[in-house]
Structure formats: C-alpha cells, structure tokens
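Just so we're on the same page: letters track the sequence lines, and every chain starts at 1.
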Number of protein chains: 2
Amino acid sequence: MSTQTESMNVAEVKEEHKELRDHSTCMGMIQPVQDALYVLNGKWKLPIIISLSFGNKRFSEMAREIPKITDRMLSKELRELEMNQLVKRTVYDTVPVVVEYSLTDYGSSLDPAISELRKWGIQHRERITRK
Amino acid sequence: MSTQTESMNVAEVKEEHKELRDHSTCMGMIQPVQDALYVLNGKWKLPIIISLSFGNKRFSEMAREIPKITDRMLSKELRELEMNQLVKRTVYDTVPVVVEYSLTDYGSSLDPAISELRKWGIQHRERITRK
DNA sequence: CAGCATCCATGTAGATACTG
DNA sequence: CAGTATCTACATGGATGCTG
C-alpha cells in the first residue's frame, strides 16, 4: 500500500509539474533560435551573407548586388558581421586601396539554415502571387 | 572558319555577360530569403511560431512561455501572423471567453527552416560561451 | 573606391493603466 | 482571461552629401 501510495504520489507530482516541464522544454527550443536571431537581426545580414557565399566581394560590388541596400546599411552591417566573426575584411595596400570581404568558415556554416529559409521563401512567394 | 568565328563570338559574349549573370544569379538567391524575412521580421515571430508548434495555446500561456515578451508585442505579432495565415485564432464562446491560437499547416511548413536555425543557434551559443 | 556624417522617418520596446 | 490605450525612449533604416 505504501508502494501504491508512493506510485500515485510520483504520478501526481509528475502531473503537477507537467506544465512546468512543457514550459521549460518549449523555452529550451526557443532560446537557440533567439540566439541565432540576435546575430542575424535586421533586414540585411542574411542577404549580405548570401552575397558573399557566391565569392569574395568588394564593397561596391555588394552594394550593387544586394537589392535596395544603402552604403550606410552595408557598412554598418558588415561591421557587425565582422565583429561576430561571420565575415572577414581584408585590406589590400594598393593605390587606390582595395577592400575585400569574405565569409569565414563560421559564416558558411549558416548555409543549411539559409537554404531552408530560401525553400520556404520560394513556396511563400508562389502562394501569395497565386492569390 | 565561319564556325570558328561564331564560336568565339559566343564565348566572348558569354564572358562579357558573366558578371551580369552572376549578379542576377546572386539576386535570385537573395530574393526568396528576403521574402521569408519579410513575413518573419522582428524578434518575436519565430519564437511565437515555435511556441505554437508545441501545441495550441492561449494568450496568457504564450505570454508566460516566451521569455521577455510583453502582452503588447504578443498581441501585435499574433495579429500579423494571423494576417499572413501562419497562425489561426479561435474564439470559444464561453464565459469567460477562451481564445486559442494554433499553427496553420502553412505555419508548420516553417519547421525545417526553424530546425536548422536552432541547430546553428546551439552551435553559436557554445562558441560564444566557450570564448 | 570605400566608406562616414548628418538629418529625418519609422519601428521596436517597456511601463503603466485600463476594459469587457 | 485576453487583450487595448497611452506615453516614452531608443533602435533601425533611409536620403543625401561629402571625404581620403
């Protein structure tokens, strides 16, 4: 009977804490995505990374290649991406000076995520233009 | 000889337009991601979607489950997600009224993208806490 | 070429209070 | 419970012009 009672108590405790567990589980699933979003925030970080995934680029190449971006935003976002070590900036000591941007290996590690996002975006565009 | 000349011309033309093609290719890869980002913009849309991927929720459940979100932001973002048909809002005519939010199938279709983002986020957190 | 400075508009967020 | 209203503050983004 003590066994019986104990069993029930465990079940009860589990039941009592079910919501809390789900809660924690859910938060645990959200947190890493928030972490990613924190680094990739804003409209331009992913476009910049995609642009560089096609090869090293110079500032003005990127400015031409990324639709609608301004110099100001490109400059600002490149700096943040560099600080987070997703992008590398190399200055060649020529006249005039040449600056080349490239993806680090770490930056390239975003490829699978970007690829999935792109797949979804393609479906999404199809869906909204269909309507 | 005419054949030879033609071949060279084609090659030359292709070479001439190589940069333009790369440019268009790159923009074509960026656009769908921008489309996705447009719907998912802001800090809270993905966390909300993740929260609902664990089951239907009521407003205050979500407010408790998503770290740091305010009622105001939750309300605002839910409305936008509903407009984009990623989230469904069901009102039960009880007293007091019960409102249940759920993911649409379309909302669920973001799962693979979110999953990849989460993987990256986990690696990222490990990386930055290691340093 | 590779940006930076400036000004301005909009967006995002928090605090607090309030409603049906 | 499920939000809305208001106010405040800072962040983000855009336009334009300018520099070494």
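Every residue was checked against the side chain to side chain contact (heavy atoms under 4.5 Å, CB included) condition with Val95(B), not counting sequence neighbours, and none meets it. Applying the salt bridge (charged side-chain N to carboxylate O under 4.0 Å, His left out) rule to Arg58(B) yields no partners; only residues at least two apart in sequence or on another chain are considered. Residues satisfying the salt bridge (charged side-chain N to carboxylate O under 4.0 Å, His left out) criterion with Arg125(B), sequence neighbours excluded, are Asp35(A).
Side-chain contact annotation: Glu65(B) with Ser51(B), donor-acceptor N/O pair under 3.5 Å present.
Atom pair Ile48(A):CD1 and dG3(C):C1' shows a separation of 14 Å (rounding to whole Å applied). Between Leu74(B) atom CG and dA13(C) atom P the separation is 12 Å, expressed in whole Å. For the pair Arg89(A) CZ and dA2(C) P, the interatomic distance rounds to 10 Å; values are reported in whole Å. For the pair Arg64(B) CZ and dG3(D) P, the computed distance is 13 Å after rounding to whole Å. If you take CZ of Arg58(A) and P of dG3(C), they are 10 Å apart, rounded to a whole angstrom. dC1(C) atom P lies 15 Å from atom CD of Glu65(A), rounded to whole Å. Rounded to an integer number of Å, the gap from CZ of Phe59(A) to P of dC4(C) is 8 Å. Atom P of nucleotide dA2(C) and atom CD1 of Ile66(A) are separated by 14 Å, given to the nearest angstrom.
Within the structure, every side-chain polar atom (N or O) of Ser75(B) is placed at least 4.0 Å from both OP1 and OP2 of dG3(D). Applying the 4.0 Å criterion to OP1 and OP2 of dT4(D), one finds that Arg79(B) has a side-chain N or O inside that range.
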Starting at the 5' end of nucleotides 12-20 of chain D, put B wherever the base has a protein heavy atom under 4.0 Å, S where only the sugar-phosphate does, and a dash everywhere else. -BBB-----
Under the side-chain hydrogen bond (donor to acceptor under 3.5 Å, both in side chains) criterion, do Arg127(A) and Gln85(B) qualify, and how do the steps go? CA-CA 11 Å; Arg127(A) 181 188 168 97; Gln85(B) 308 185 32; 3.1 Å; yes
Got a list of side-chain donor-acceptor pairs under 3.5 Å for residues 107-116 of chain A, not counting sequence neighbours?
residue: Ser108(A); atom: OG; partner: Thr104(A); partner atom: O; Å: 3.2
residue: Ser109(A); atom: OG; partner: Tyr106(A); partner atom: O; Å: 2.5
residue: Ser109(A); atom: OG; partner: Trp120(B); partner atom: NE1; Å: 2.9
residue: Glu116(A); atom: OE2; partner: Lys119(A); partner atom: NZ; Å: 3.1

Hey, can you pull the donor-acceptor pairs under 3.5 Å for the side chains in residues 69-79 of chain B, sequence neighbours left out?
residue: Thr70(B); atom: OG1; partner: Met73(B); partner atom: N; Å: 3.2
residue: Ser75(B); atom: OG; partner: Arg79(B); partner atom: NH2; Å: 3.1

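Side-chain proximity of Tyr101(B) to dC4(C), dG3(D), dT4(D): nearest is dG3(D).
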